[in-house]
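Just so we're on the same page: letters track the sequence lines, and every chain starts at 1. Everything numeric in this text was worked out from a predicted model, so none of it was measured.
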2 protein chains.
Amino acid sequence: MGPCPSDSSKQPVITAEDMPSQAPASQKRPNAFTELMNARAKKPRPSDSPSDSPEQSSKSTYTKAKTAVGFSDPRDGLIVYIEHPERNPDGRVVEYDDDFVVIRDKFPKASVHLLILPRDPSLYFRHPLELLSNDPAFLSKIQTYVSRLTDLAASELRRQYGADSASDAPYQSALEAMMSSPDPPSPSARAALLPPGRDWRADVVAGVHTHPSMNHLHIHILSREQHSPWVKHKKHYLSFNTSFLVQLHEFPLEEGSVRFHPGKWPNWDMTCWRCGQNFGNQFKKLKAHLEEEFETWKRE
Amino acid sequence: MGPCPSDSSKQPVITAEDMPSQAPASQKRPNAFTELMNARAKKPRPSDSPSDSPEQSSKSTYTKAKTAVGFSDPRDGLIVYIEHPERNPDGRVVEYDDDFVVIRDKFPKASVHLLILPRDPSLYFRHPLELLSNDPAFLSKIQTYVSRLTDLAASELRRQYGADSASDAPYQSALEAMMSSPDPPSPSARAALLPPGRDWRADVVAGVHTHPSMNHLHIHILSREQHSPWVKHKKHYLSFNTSFLVQLHEFPLEEGSVRFHPGKWPNWDMTCWRCGQNFGNQFKKLKAHLEEEFETWKRE
DNA sequence: TATTCCGATAGTGAC
DNA sequence: GTCACTATCGGAATGAG
């Protein structure tokens, strides 16, 4: 196989072989991981028996109540993943268990963009800043997920851009040599034998929006380069590149923090995440600039 | 010849036969009139000798000075008609003499839209409200032109829409009978022999903009129906359908009149000139409504 | 602060 | 207050049968 052109290499083709060993994927059925990342298959969650979940009926009641009054609200679009990850709607489910579903964002704002969806109905409509600031146990669980999913996102960045990256070249060439050797090591043994290469984790951010527009609680994990056709207007960009995004490592917020009330944040200037250049309200110019920064960034 | 579809009958095809006798066109070389309305030919003005006009050289100097500093200002776009009507630029010249040039507006905002352009360079940049309020002799000359050109515009409306008009039917049928008689009367004798038909003059307005955007003094004469693809946005419509247009019959304004300072007129609501319906800022809806009103209006 | 469509609004550059 | 082009900003609908 020759190198892929950059604009045709975005299909997730992660395999179990590509999974970095530092990702404790074994906690969460790594096969489901990688197969779901491929949008090919999913596995029923072990506890998905029809009778064991009282929330299941109440959730259905809730959904029906919403549709009974009229039309469905597009802001409720995440509920189908939360209630029926086993259906793998739109092929977006990456993994799930009793507590969380992880999906690829339907309108990704970066090369990698995952959402963590808590499944506990009592958490659906909690304000993310309040919850993550006041529920240490929940925060801790999320941090565990985020750490592991950051590795997943980093490996996906490596898959997409490793061949273009100068600083990843040692890893890439060592991997190629290893895989073409007569007796390749097992996947779990590989990482320890490879040079570190580029730290793709540094390009992954996780956090929540101060005022989410999708109704159900969700945590974003995405790469920071913001190279995506779905970044279409100012608020798309600002919502991931200002304090409107509260990153996981910033929690818990102190009570009464100004972060709870960002004011007229859509009026803030847009500044390049990489070089800091200020583009004011000129979104198109920012987009053109991001295209240039992307080309430089991926070659780092 | 069968009846023309309404959307293909806009080409000016006025002939000398069509000129209403009440238009004192003979004062202004009616042949030039009609031929220029056809955008086919023009005649040099009698006084256009190279040496008899000191303004001519000063005007050329002015033009050169403007172009010398760089590019020409599109707001000076009327100067070519004023200085060189004999060239009949773009075929838009309707008539001219030593004092005025009459052209068809390059971006007509109605079925008929003429401009009167005074040729005296000392008047070019006079404020139209001030000039028409304080120079009775000038106002009088303009009124004479406007009266005659209103007749011309009315005859053009008759040409375009007479066949569709219920109230013009007596005129139209009498004209047809007259022209198919064995011995048709001369053009100048016809009007006295025809019934009046529809009063198309009532649909013609004349006036000036309080803050013209074209630099050289110009007076508008146009039909009021505002049916034109060049009416493209709110200010186009408001500028002819509010007190921002000062009609000729309103002059002279009293000194200190509020008409000199219309304030934030582009924020005013748009209301239908015919039925008074208020469209606020909804230009597209107004446009659709004007289309309906046009169909009714022309059939009156 | 979900997308999408449509339209109103605003700034620019023309030459 | 020209036109024409681009882009920004703003509201409203948004499904399913």
Side-chain angles (χ1 to χ4, degrees), chain A residues 63 66-79 105-109 115 127-129 208-216 218 220 229-240 242-246 261-268 270 279-288, chain B residues 63 66-80 105-107 109 115 127-129 208-216 218 220 229-240 242 244-246 261-267 270 279-288:
Chain A
T63 302
K66 295 287 278 190
T67 56
V69 286
F71 303 125
S72 68
D73 188 333
R75 290 185 167 128
D76 289 333
L78 296 177
I79 190 63
D105 194 291
K106 194 170 185 176
F107 303 95
K109 304 303 188 293
L115 300 180
H127 190 289
L129 271 55
V208 293
H209 283 152
T210 303
H211 296 304
S213 64
M214 293 303 272
N215 287 334
H216 296 81
H218 55 282
H220 295 270
W230 300 109
V231 178
K232 293 183 174 181
H233 54 66
K234 187 182 185 182
K235 281 191 282 193
H236 285 155
Y237 186 77
L238 288 181
S239 71
F240 289 107
T242 63
S243 60
F244 184 82
L245 178 76
V246 185
H261 301 288
K264 298 175 190 257
W265 67 272
N267 293 338
W268 295 347
M270 291 174 284
F279 288 84
N281 293 330
Q282 299 176 109
F283 179 79
K284 294 287 185 181
K285 290 183 179 171
L286 169 69
K287 279 290 283 187
Chain B
T63 301
K66 294 286 278 191
T67 55
V69 286
F71 303 121
S72 70
D73 188 328
R75 292 181 172 168
D76 289 334
L78 296 177
I79 190 64
V80 63
D105 194 291
K106 194 170 185 176
F107 304 96
K109 303 304 188 293
L115 300 179
H127 190 290
L129 271 56
V208 293
H209 283 152
T210 303
H211 297 301
S213 62
M214 294 301 274
N215 286 334
H216 296 80
H218 55 283
H220 296 269
W230 299 109
V231 178
K232 292 183 175 180
H233 54 66
K234 188 181 185 183
K235 281 191 281 193
H236 286 153
Y237 186 78
L238 288 182
S239 71
F240 289 106
T242 64
F244 184 83
L245 178 76
V246 186
H261 302 288
K264 298 176 188 254
W265 67 273
N267 293 339
M270 291 174 284
F279 288 84
N281 294 328
Q282 301 176 106
F283 179 78
K284 295 287 185 180
K285 290 182 179 173
L286 169 69
K287 278 291 281 187

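- Comparing Pro74(B) and Phe107(A), the nucleotide of DNA chain C nearest to each residue sits closer to the 5' end for Phe107(A).
- The main-chain N or O of Pro266(A) is found under 3.5 Å from a side-chain atom of Lys234(A) such that the two form a donor-acceptor pair.
- Comparing Lys234(A) and Trp230(A), the nucleotide of DNA chain C nearest to each residue sits closer to the 5' end for Lys234(A).
- When heavy atoms are screened at a 4.0 angstrom cut-off, Lys235(B) is found touching the sugar-phosphate backbone but no base atom.
- The nearest whole Å value for the distance from the NZ atom in Lys287(A) to the P atom in dT8(D) is 12 Å.
- Within the 4.0 angstrom heavy-atom criterion, only backbone atoms of the sugar-phosphate kind lie near His236(B); the bases stay farther away.
- Distance CZ (Arg75(A)) to C1' (dT3(C)): 10 Å, rounded to an integer number of Å.
- Computed from coordinates, the Leu78(B) CG to dC3(D) P distance equals 12 Å when rounded to whole Å.
- Atom CG of Leu238(B) and atom C1' of dT9(C) are 14 Å apart (whole Å).
- Rounded to whole Å, the P atom of dC5(C) lies 12 Å from the corresponding atom of dG15(D).
- For the OP1/OP2 pair of dA7(D) and a distance below 4.0 Å, the side-chain nitrogens and oxygens of Asn281(A) include no atom meeting the criterion.
- Separation of the His236(B) and Phe107(B) ring centroids does not fall under the 6.0 Å cut-off.
- For the pair Lys264(B) NZ and dA10(C) P, the computed distance is 10 Å after rounding to whole Å.
- Between dC15(C) and dC5(D), the two C1' atoms lie 16 Å apart (nearest whole Å).
- Ring centroids of His220(A) and His218(A) are separated by less than 6.0 Å, placing the two rings close together.
- A sub-4.0 Å separation between OP1 or OP2 of dG7(C) and a side-chain N or O of Lys284(B) is absent.
- For the atom pair Leu238(A) CG and Leu245(A) CG, the distance stands at 11.5 Å (nearest 0.5 Å).
- In this structure, Leu129(B) places its CG atom 16 Å from P of dG1(D), rounding to the nearest Å.
- Among the atoms of the strands shown, none is found under 4.0 Å from any heavy atom of His218(A).
- Backbone-only contact: Lys109(B) has heavy atoms under 4.0 Å from sugar-phosphate atoms and none from a base.
- Pairing of dT8(D), defined by two Watson-Crick or G-U wobble distances under 3.5 Å, is identified with dA8(C).
- An OP1 or OP2 oxygen of dT4(C) is reached within less than 4.0 angstrom by a side-chain nitrogen or oxygen of Lys232(A).
- Side chain of Lys106(B) to main chain of Leu78(B): no donor-acceptor pair is present (N/O by atom type, distance under 3.5 Å, no hydrogens or angles).
- Between Phe279(A) atom CZ and dG11(C) atom P there is a gap of 20 Å when expressed in whole angstrom units.
- A straight line from CZ of Phe283(B) to P of dG11(D) spans 20 Å, rounded to a whole angstrom.
- Nearest nucleotide to the Gln282(B) side chain, out of dT2(D), dT3(C), dA8(C): dA8(C).
- Using cut-offs of 30° and 60° on the angle between ring planes, the pair Phe244(B) and His211(B) is tilted.
- Pairing for dC15(C) is absent, with no Watson-Crick or G-U wobble pair whose two atom distances lie under 3.5 Å.
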